[in-house]
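Here you go, one structure.
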Amino acid sequence: MPTTTTSATTLTLDTDRCLSTAVHDHGLDPDVLAPSGPAAAAAVVLTQRLEKTRGTGWERWRLLAEGAMREDHVKAVKAIAEKYAGQLDNVVVLGIGGSALGNIALQSALNPLTHNLMRDRNHPRLFVLDNADPIPFHQTLGFITSEDPRFDRTLFVVISKSGETAETAAQFLIVRDMLQKARGDSHADRLIAVTDPEKGTMRRLCDAAGYETLPVPEGVGGRFSALSPVGLISCALCGIDIDTLLDGAAAMEQACRSEDLHANPAAMLATVLVELGQRQGKTVHVMMPYANQLYLMADWWRQLWAESLGKIVKGVQGVTYAGFTPVKALGATDQHSQVQLYREGPNDKAIIFLEVETFATDVAIPTGLGEDALAYLEGSSLATLLSAEKRATEFALTESRRPNLTIKFPEVTPHTVGQFMMLWQVATAYAGLMLGVDAYDQPAVELGKKATFALMGKPGFEVLRGRLES
Ligand code: PA5
């Protein structure tokens, strides 16, 4: 059965309900995935190809959790966390896209929902400002300055590989100005940057102003950078165990080097989703965690899956459009919002459930109300109810012939979260090869960026501005 469970990892992947044996003509023929079938043969070839590029070019991210790169990053990140230990109430990340989503996902998965509100917090609050929207910016900075007008207990972390991303650059200019006004020449100790170690606008600015920096390493693009200093720094500052996070990622990365499709969760995940897309037209991929902690992981995944795979492919038969539309939903909340569509709307979706076997805490439902209609809940617990809801939705979708798979977390810990992020990164590399796209570029993002430069009056973009205004 195509259920991948490897001894090196503790996440499990269950793809049984993507097969025709479960969802009839909307599923994959089990022979396609059989150990002697075509997908298994393709996995050998693709794994060998990825083995050749592993750790080179734009696939240097595969080495983030091991060896010298890991050691250097962890040492540098911990040195900063130790330097500021006990001195901070607030960490404010300025970044966008791949320079923010990992931070948000890791914080929400691994720190309590109430982290920023806790009075007995041992680590600073985390705010991630990932938009040019003036309202959250103004409100966040207003809150911080009402408590800490000189930024004595606030550290800003600007994350930008290029330093030229308009949203981040604008926020950086405002913050730098505020810091200079509040602290004068000593303002450099309240701002650190995560940027290219050698080149780029942010690099030059940091060198000139004496800001401390951490590297966005070469060969690590934004959406593959959560396990680099880009994502590690806010974790380390806010009390998340980065060693265990990277241990989990390293264990998964090793498992995903196997040429055996059934022992390689990334190859299996990519195979099932790409095959469902190409053979069965399931081009909408819904990630539906049954755990609030993992909901913002789905935002991180949406960028990875969308920006890496959504590409024009020019082949001998003309132009085709590759990629899948990632959607996020939350179980059980969205049962009351989306599941009607998922069961009876267009059968163009593959549902990716995230399930947690054991929650860090559970809440018992008391007995004694004496109301027959609610008696079934009495003496149970919220985790038991949530688990039943997931199984029920999985059953209902399968009854409606809607393919669905489950990635199960034994628990949500730094180790399993590290596994999860690496799993999807490697699965994206496989899916890119399967679809014939470059998973590491984003050419279609450029025009919008250039048009923004033109509208904002950046020199060199006058012709484009003329086109826009006409
Ligand atoms: O994945 C990507 O490459 C993008 O989302 C970038 O991370 C994002 O555009 C921010 O770029 P930068 O880090 O250069 O500011």
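All residue numbers in this chain count up from 1 along the given sequence. All ligand and atom numbering here is 1-based and tracks the order in the structure.
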Item checked: Top protein contact for atom 9 (O) of ligand 1, by heavy-atom distance -> Lys449 NZ, 4.0 Å
Checklist line | Protein heavy atom at shortest distance from atom 3 (O) of ligand 1 | finding: Gly222 N, 3.6 Å
Check: Is the shortest distance from a Lys or Arg side-chain nitrogen in Arg183 or Asp152 to a carboxylate oxygen in the other one below 4.0 Å?
Finding: yes
Next item on the list: Would you sort out whether Tyr211 and His187 count as a ring-ring contact (aromatic ring centres under 6.0 Å, His included), showing the intermediate values?
Entry: CA-CA 9 Å; Tyr211 300 135; His187 82 280; 5.6 Å; yes
Item checked: Ligand-side contact atoms (ligand 1) for residue partner Ser160, heavy atom cut-off under 4.0 Å -> 12 (P), 13 (O), 14 (O), 15 (O)
Item checked: Salt bridge flag under 4.0 Å for residues Glu198 and Arg203 -> no
Next item on the list: Please examine the side chains of Ile159 and Pro229, heavy atoms only from C-beta on, and report whether any two atoms are closer than 4.5 Å.
Entry: no
Check: Could an N or O of ligand 1 be found under 3.5 Å from any N or O of Gly221, whether backbone or side chain?
Finding: no
Next item on the list: Please determine if Lys83 and Asp189 form a salt bridge, counting it only when a charged side-chain N lies under 4.0 Å from a carboxylate O.
Entry: no
Notebook entry, point to check: Does Lys328 make a cation-pi contact with Tyr295 (under 6.0 Å, within 45 degrees of the axis)?
Noted result: yes
Check: Quick one: nearest non-hydrogen protein atom to atom 6 (C) of ligand 1, plus distance?
Finding: Gly98 N, 3.9 Å
Check: Starting from atom 8 (C) of ligand 1, which protein heavy atom do you reach first, and at what distance in Å?
Finding: Ile96 O, 3.6 Å
Margin query: I need the atoms of ligand 1 closer than 4.0 Å to a non-hydrogen atom of Gly97, numbered in the order shown.
Written below: 5 (O)
Next item on the list: Classify the contact between Gln303 and ligand 1 as side chain, backbone, both or neither, using a heavy-atom distance cut-off of under 4.0 Å.
Entry: side chain
Notebook entry, point to check: Relative to each other, are the rings of Phe224 and Tyr440 parallel, tilted or perpendicular (30° and 60° limits)?
Noted result: tilted
Next item on the list: Indicate the ring-plane relationship of Phe324 and Trp305, choosing parallel, tilted or perpendicular according to the 30° and 60° boundaries.
Entry: parallel
Check: ligand 1 and Arg223, any nitrogen or oxygen pair closer than 3.5 angstrom?
Finding: yes
Next item on the list: Can you pull out the closest protein heavy atom to atom 12 (P) of ligand 1? Residue, atom name and distance to 0.1 Å, please.
Entry: Thr165 OG1, 3.2 Å
Notebook entry, point to check: Can you tell me the protein heavy atom closest to atom 2 (C) of ligand 1 and the distance?
Noted result: Glu307 OE1, 3.6 Å
Notebook entry, point to check: Which protein non-hydrogen atom lies closest to atom 14 (O) of ligand 1, naming both residue and atom, and how far is it?
Noted result: Ser162 OG, 2.7 Å
